[in-house]
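Worksheet: one structure, shown below.
When a residue number appears, it is its place in the shown sequence, counting from 1. Whatever order the structure lists ligands and atoms in, that order sets their numbers, starting from 1. FYI, side chains are in, hydrogens and waters are out, and symmetry mates aren't considered; it's all heavy atoms of this structure.
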Amino acid sequence: MKILVINCGSSSFKYQLLDMNSDKVMCSGLVERIGEKVGSLTHKKDPGTDIERKINEESPFPDHTAGMTRVMALLTDPVLGVIKDLSEIKGCGHRTVQGGEEFTQSTLITDEVLEVIQRLSPLAPLHNPAAIQGIRVIMKLLPNCPSVAVFDTEFHTTMPSKAYMYAVPYEFYEKLRVRRYGFHGTSHAYVAAKAAEFLGKKQADVNVITCHLGNGCSISAVKGGKCIDTSMGLTPLAGVIMGSRCGDIDPAILIYLARQTGMSIEKIDDTLNRKSGLKGVCGFNDMRDIHTACDKGDEKAELALNMFCYSIKKYIGSYYAVLGRVDALIFTAGIGENDSLVRELVCADMEGLGISIDLAANAARSSAIRDISGKGGKVKALVIPTNEELAIAKSTLQVLEGKKPDSDL
Ligand code: AMP
């Protein structure tokens with residue numbers, strides 16, 4: 001059984017074709033600069049293996065249909081392809097950022113479902129229209145292949161109202177749907193399920209704090225397999241400090257900026273999303289560059305690193321209080337999986353909470369799930385590589401097979 005996974009942006013998309021009998025990625029790729037004079041396509045057959053074959057193409061892709069049409073040709077190419085006929089693809093899973101309160105689980109796409117995703121676009125103006133575009137193109141190019149929307153928000157729909165409501169006039173929720181939605185749900189769900197499996201326990205018996213630390217960062221409190229709180233909010237701007245996003249700030253800063261400088265809403269939006277976070281403090285948004293700058297004595301880089309780790313530590317502390325008992329603290333995504341210093345700084349001085357790490361285990365590099373806990377700590381510290389594409393493919397398969405979604409990913 002082969003499932004295609006599409007993650008569509010406004011001018012780019014990523015794809016993976018997975019063999020669900022073995023969970024193997026048969027090929028993956030990225031099409032970028034759609035609509036520009038020259039676009040680019042990277043396609044990898046057997047990615048990450050010894051027999052990987054990769055091509056890069058520079059050519060114009062006037063729209064998503066053009067890019068997808070080229071990808072379809074590559075999937076069946078005699079040399080770079082992995083299938084003989086497109087009919088071998090039994091389903092397509094689409095990463096869809098905002099599912100609102102309407103979608104609490106992955107959903108087979110129909111015209112009605114597309115309409116609702118469209119209606120939710122004001123809550124994710126960059127993401128939902130792009131996903132819709134991708135869905136429509138796939139429906140046109142693969143008319144017999146069912147499409148499934150897998151929502152970033154669905155894992156967080158189990159939050160209680162005391163966690164998702166904001167203390168603003170209630171009608172903002174009723175009329176404008178202002179509430180916490182949370183994002184990165186596919187990743188949080190995946191690593192929470194993997195942690196239970198790793199600990200040899202049922203998900204229902206395990207409480208975890210999941211730290212997804214990549215370009216975007218979010219932390220979730222997961223009780224017995226269900227999310228009860230998460231750091232991102234109405235949008236992915238909230239929560240911990242990120243590469244170029246500010247995370248939690250005093251909302252009055254926006255009012256102050258507008259009054260003092262006359263900055264427009266668009267300019268403030270752009271500044272807080274793209275020019276803040278680590279980048280705003282020290283000029284670098286990639287954690288690897290920050291470490292290099294720190295090594296050279298760059299004080300702002302040092303400050304940015306410390307602010308980043310401190311903001312994560314504060315969320316861990318508050319979610320510990322919310323959960324009451326924590327079985328595991330999980331690090332995942334680009335920084336969470338690779339950056340031993342960030343993990344060390346985040347976990348420093350938390351022995352009182354039963355959290356400590358073993359420095360040697362923490363420093364060891366591996367792409368496997370690993371336990372980096374210190375001796376005697378009652379909370380396991382785990383590094384769990386995330387795999388959002390596999391999680392999307394599994395959800396897609398569950399919907400197609402009519403199984404009730406569970407967290408047994
Ligand atoms: P992701 O969004 O999960 O792909 O994560 C991307 C981010 O991970 C990059 O912006 C880097 O800051 C970070 N990253 C990737 N590799 C490393 C590494 N070896 N050490 C530190 N940070 C890394």
Name each donor-acceptor pair under 3.5 Å that joins a side chain in residues 336-354 to protein atoms two or more places apart or in another chain, with its distance.
from   : atom 1 : to     : atom 2 : distance (Å)
Glu337 : OE2    : Thr332 : OG1    : 3.2
Glu337 : OE2    : Ala333 : N      : 2.9
Glu337 : OE2    : Thr386 : N      : 2.9
Asn338 : OD1    : Arg365 : NH2    : 3.4
Asn338 : ND2    : Gly334 : O      : 2.8
Asp339 : OD1    : His291 : NE2    : 3.1
Asp339 : OD1    : Leu341 : N      : 3.2
Asp339 : OD1    : Val342 : N      : 3.0
Asp339 : OD2    : His291 : NE2    : 2.5
Arg343 : NE     : Asn362 : OD1    : 2.6
Arg343 : NH1    : Gly336 : O      : 2.9
Arg343 : NH1    : Glu337 : O      : 3.1
Arg343 : NH2    : Asn362 : O      : 2.8
Arg343 : NH2    : Asn362 : OD1    : 3.1

Does the cation-pi check pass for Arg179 over Tyr181, that is, NZ or CZ under 6.0 Å from the six-membered ring centre and within 45° of its axis? yes
So, applying side chain to side chain contact (heavy atoms under 4.5 Å, CB included) with His94, which one of Ile109, Ile392, Ile117, Val148 is it?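 Of Ile109, Ile392, Ile117, Val148, side chain to side chain contact (heavy atoms under 4.5 Å, CB included) with His94 is met by Ile109 alone.
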Asp286: which residues meet the salt bridge (charged side-chain N to carboxylate O under 4.0 Å, His left out) condition with it, sequence neighbours left out? Arg288
Note every protein N or O atom lying under 3.5 Å from an N or O atom of ligand 1, pairing the names and giving the distance.
from     : atom 1 : to     : atom 2 : distance (Å)
ligand 1 : 2 (O)  : Asn215 : N      : 2.9
ligand 1 : 3 (O)  : Gly334 : N      : 2.9
ligand 1 : 8 (O)  : Ile335 : N      : 3.4
ligand 1 : 10 (O) : Asn215 : OD1    : 2.9
ligand 1 : 12 (O) : Asp286 : OD1    : 3.3
ligand 1 : 12 (O) : Met287 : N      : 2.9
ligand 1 : 16 (N) : Arg288 : NH1    : 3.4

Pairs of donor and acceptor atoms involving the side chains of residues 68-78, under 3.5 Å and at least two apart or interchain, shall be tabulated with distances.
from  : atom 1 : to    : atom 2 : distance (Å)
Thr69 : OG1    : Thr65 : O      : 2.5
Arg70 : NE     : Glu57 : OE1    : 3.0
Arg70 : NE     : Glu57 : OE2    : 3.2
Arg70 : NH2    : Glu57 : OE2    : 2.6
Thr76 : OG1    : Met72 : O      : 3.2
Thr76 : OG1    : Ala73 : O      : 3.3
Asp77 : OD2    : Val79 : N      : 2.8
Asp77 : OD2    : Leu80 : N      : 2.8

Within the side chain of Asn207, is there an N or O that forms a donor-acceptor pair under 3.5 Å with the backbone of Gly224? yes
